[in-house]
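The sequence lines fix the lettering, A, B, ..., with proteins before strands; numbering per chain opens at 1.
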Number of protein chains: 2
Amino acid sequence: MNITNWSIDKYGLTEEDIKHTMDSYVSQTIKANNFFLKEGEICNYIGYVTKGLLRSYFYDDQANEITTNFFPEGSLIIAMDSFNNRVPSKEFIEAIEDTELSVVSYQRQMDLYKLVPAWNQICKDLGDIKIHEMLKRNESFQTLSATERYQKFCDEYPQLLQRVNLGYIASYIGVDNATLSRIRKKK
Amino acid sequence: MNITNWSIDKYGLTEEDIKHTMDSYVSQTIKANNFFLKEGEICNYIGYVTKGLLRSYFYDDQANEITTNFFPEGSLIIAMDSFNNRVPSKEFIEAIEDTELSVVSYQRQMDLYKLVPAWNQICKDLGDIKIHEMLKRNESFQTLSATERYQKFCDEYPQLLQRVNLGYIASYIGVDNATLSRIRKKK
DNA sequence: ACAATCTTTTGACAAAAGTCAAAATCGACT
DNA sequence: AGTCGATTTTGACTTTTGTCAAAAGATTGT
């Protein structure tokens, strides 16, 4: 979602609300292969991706990288657990491409809740959206085969297919690298 | 979580807060095989399970019942999507055993947000917990085999093993009925 | 341009999980 | 206690997915 367009209508933000909000966000750029957040760090920023692409991942007990999310342009990055609860992140969030973001610090966001009360509702709604996404994702694992999950991924994120390593997609949909390669070959 | 014990310390609820809250909740009983919520209905209640057991499920495109959650004593039932966004539920929530709940209606809960502001924070935290649970669940699907997912289920919900049909567990962990039976046999 | 490195594909095989149908077991109800 | 229906197990078989290692193909930096 784009802060400037997206929220104004829906939440009836005033000129002042918007000014407060805009003043809270600052630009940041991250080069490919650099990190927005590393494992062990407490996430101090929410990021809105204006350009580029990132992914989040962690290491499982066999030290495989498991990709948990992609963040293309238009995505909002919040490491919910770490940001909200001020605990070290278990995930890395890494730029796959050179990336530009608008970020707001934890403290500034807390201020924003008071300055612009509509932000409480916005964040509640964002939480709802997140929960909805995750329910869908779980459904996929409960009901679909690897091939179907890949098909669904292609339908939902066609832009990503050209932009990310297949290995990232493989772990994202929960299949082995070689298996994904074979799934792609037939058809 | 238990409303009376659990929230007081953490959120510093006053006598009055507690009174408002208690007054908002009413008792309800649901006999085994009856519904807390049906597909297509808008969820009008949050329920706190004091006794018994329920599960939520939906039908996939091959008309299989897919169990998405269990709600034993101490669980809070919120059909997030339906309750928060006032849209028809895609899930059924059914009592597996004779069940007793404390419920609060949508309207009363909305009032409670105003009457007892701490409820905003409580619900935010509940959302966080929900998100955390779902992240864990996704991780299981991304990184564990069926056998490992079953093992994890046993570790996490030992009380449920004796109380629910294996078929419910099978769909919950995303394996075929017969496969689960075989997983259980060896070891 | 060309190593050096990373990704992806492929082959041969093994293990895991699904399918379908029948049998065994369990449970609820009269 | 006995019957009906639902649940669970089992057998025989197929399909899907994983594993490991090597080859082929891309990509990056100098």
Side-chain angles (χ1 to χ4, degrees), chain A residues 30-34 52-53 55 57 59-67 70 92 94-99 139-154 160-187, chain B residues 30-34 52-53 55 57 59-67 70 92 94-99 139-154 160-187:
Chain A
I30 306 180
K31 288 247 173 258
N33 305 317
N34 287 79
L53 175 60
R55 69 166 180 139
Y57 66 92
Y59 290 95
D60 70 9
D61 16 84
Q62 285 118 211
N64 302 306
E65 271 183 18
I66 309 294
T67 293
F70 296 102
F92 295 85
E94 177 199 34
I96 297 176
E97 303 172 357
D98 292 351
T99 294
E139 264 184 49
S140 291
F141 283 117
Q142 277 182 273
T143 63
L144 304 181
S145 68
T147 304
E148 291 167 322
R149 294 202 300 278
Y150 176 65
Q151 192 49 59
K152 196 163 177 228
F153 182 90
C154 295
L160 293 184
L161 277 178
Q162 280 71 22
R163 295 165 70 184
V164 311
N165 286 349
L166 293 177
Y168 300 167
I169 298 176
S171 74
Y172 182 78
I173 64 176
V175 303
D176 188 87
N177 242 303
T179 301
L180 178 57
S181 180
R182 292 191 174 99
I183 285 171
R184 285 161 54 85
K185 197 166 60 165
K186 48 170 182 185
K187 191 73 196 337
Chain B
I30 306 180
K31 289 248 173 256
N33 305 317
N34 286 78
L53 175 60
R55 68 166 180 139
Y57 67 92
Y59 290 94
D60 70 9
D61 17 83
Q62 286 117 208
N64 302 308
E65 272 184 16
I66 309 294
T67 294
F70 297 101
F92 294 85
E94 177 199 33
I96 297 177
E97 303 171 358
D98 292 352
T99 293
E139 264 185 48
S140 291
F141 283 118
Q142 277 182 274
T143 64
L144 303 181
S145 68
T147 304
E148 291 168 321
R149 294 202 300 278
Y150 175 65
Q151 191 51 59
K152 196 161 176 232
F153 182 88
C154 295
L160 293 185
L161 277 178
Q162 282 71 24
R163 294 166 71 185
V164 311
N165 287 347
L166 294 177
Y168 299 168
I169 298 176
S171 73
Y172 182 77
I173 64 175
V175 304
D176 188 85
N177 242 303
T179 300
L180 177 57
S181 179
R182 292 189 174 102
I183 286 172
R184 285 160 55 84
K185 197 165 59 163
K186 48 171 181 179
K187 190 64 199 338

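At whole-Å resolution of the value, CD1 in A:I173 and P in D:dT16 are 15 Å apart. Between the C1' atom of D:dC20 and the CD atom of A:Q62 lies a distance of 15 Å, rounded to the nearest Å. A straight line from OH of A:Y150 to P of D:dT16 spans 17 Å, rounded to a whole angstrom. For the pair A:L180 CG and C:dT7 P, the computed distance is 14 Å after rounding to whole Å. Following rounding to the nearest Å, A:N64 (CG) and D:dC20 (P) show an atom-to-atom distance of 11 Å. Note: CD1 (A:I183) to P (C:dT10) measures 14 Å, nearest angstrom. Regarding B:I169, its CD1 atom lies at a distance of 15 Å from the C1' atom of D:dT9, rounded to whole Å. The interatomic distance linking A:R184 (CZ) with C:dT10 (C1') rounds to 14 Å, in whole Å.
With C:dT7, C:dT10, D:dT17 as the candidates, the nucleotide lying closest to the side chain of A:N165 is C:dT7. Nearest to the side-chain atoms of A:R182 among the listed nucleotides C:dT8, C:dT7, C:dA12 stands C:dA12.
Using cut-offs of 30° and 60° on the angle between ring planes, the pair A:Y59 and A:F92 is perpendicular. Using a 30° and 60° split on the angle between ring planes, A:Y168 and A:F70 fall in the tilted class, from 30° to 60°.
At the heavy-atom level, A:D176 lies under 4.0 Å from base atoms of the strands shown.
For the pair A:N177 and B:Y168, both in contact range of DNA chain D, the more 5′-proximal nearest nucleotide belongs to B:Y168.
Of the side-chain N and O atoms in A:S181, none sit less than 4.0 angstrom from OP1 or OP2 of C:dT8. Within the structure, a side-chain polar atom (N or O) of A:K185 is placed less than 4.0 Å from OP1 or OP2 of C:dT10. Phosphate contact (OP1/OP2 of C:dA17, side-chain N/O of B:T147, threshold under 4.0 Å): present.
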**Request:** Show your reasoning for whether side chain to side chain contact (heavy atoms under 4.5 Å, CB included) applies to A:L160 and A:L53.
**Result:** CA-CA 9 Å; A:L160 293 184; A:L53 175 60; 3.7 Å; yes

**Item:** Full working for side chain to side chain contact (heavy atoms under 4.5 Å, CB included) between A:E94 and A:E65
**Value:** CA-CA 12 Å; A:E94 177 199 34; A:E65 271 183 18; 5.9 Å; no

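Residues A:L161 and A:I169 are in side-chain contact: their nearest non-hydrogen atoms beyond the backbone lie under 4.5 Å apart.
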